[in-house]
Amino acid sequence: MSIEHVAIWVRDMEAMKTFYEVYFQAKTNAKYHNKDKEFESYFLTFDGGARLEIMRKSGIDNPQQSESIGWAHIAISLGSKESVNQKTTQLVNDGYHLVSGPRLTGDGYYESVVEDPEGNLLELTV
């Protein structure tokens, strides 16, 4: 068994798609649009096969909360401490919010946490 994909509701699909394409080399399929349901989505595929579905639907507007029940973050493995440091610096220099790190955690992970354009947490790890 394996997880096929993870999905997230977004406000600005084009900005989110571009963010993951530019910073994480995601490959994107053609936009799916169901006019009757007022639903749109993209599937973003990362090296290694992991997929993220970004979705928008009329009437979805739950305000972001700093913490809530549900998914906490998406972790992206970059392969090395140097890559974590470089990607973190790049994102911060480009104006994205650094939540923590880079640091070695108590359980042995080397990570930083940044927010994507809509405030979702991305854990950048080795």
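It should be emphasised that the depicted structure is a prediction, and the values quoted were computed from it without experimental measurement.
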Of the non-hydrogen atoms in [X] and [Y], which two are nearest, and what is the gap between them?
X      : Y      : answer
Asp116 : Tyr96  : C-CD2, 4.4 Å
Val10  : Met13  : CG2-CG, 3.4 Å
Ala15  : Pro117 : O-CG, 4.4 Å
Glu21  : Ala26  : CG-O, 3.5 Å

What distance do [X] atom [atom1] and [Y] atom [atom2] have between them, rounded to the nearest 0.5 Å?
X     : Y     : atom1 : atom2 : answer
Glu40 : His33 : CD    : NE2   : 4.5 Å
Ser41 : Asn34 : OG    : CG    : 9.5 Å
Arg51 : Glu4  : CZ    : CD    : 4.0 Å

Would Asn120 and Met16 satisfy side-chain contact (heavy atoms from CB on, under 4.5 Å), going step by step from the backbone distance to the final call?
CA-CA 10 Å; Asn120 302 297; Met16 291 290 280; 3.7 Å; yes

Give a yes or no on whether [X] and [Y] share a hydrophobic cluster (residues Ile, Leu, Val, Met, Phe, Trp, Tyr; joining criterion: side-chain heavy atoms under 4.5 Å apart).
X     : Y      : answer
Leu78 : Tyr109 : no
Tyr32 : Met55  : yes
Phe43 : Ile74  : no
Phe24 : Leu98  : yes

Side chain proximity check, [X] to [Y], heavy atoms < 4.5 angstrom:
X      : Y      : value
Asn29  : Tyr42  : yes
Lys27  : Leu44  : no
Lys17  : Lys31  : no
Tyr23  : Asp94  : yes
Leu122 : Phe19  : yes
Glu123 : Leu121 : no
Asp12  : Glu118 : yes

Can you tell me if Glu111 and Thr105 form a side-chain donor-acceptor pair at under 3.5 Å?
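No, no side-chain donor-acceptor contact under 3.5 Å.
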
query = Within the side chain of Thr125, is there an N or O that forms a donor-acceptor pair under 3.5 Å with the backbone of Tyr110?
reply = yes

Original post:
Sub-3.5 Å donor-acceptor pair from the side chain of Ser77 to the main-chain atoms of Val126, do we have one?
Top reply: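 Answer holds: yes.
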
Between Arg56 and Glu14, is there a salt bridge with N-O shorter than 4.0 Å? no

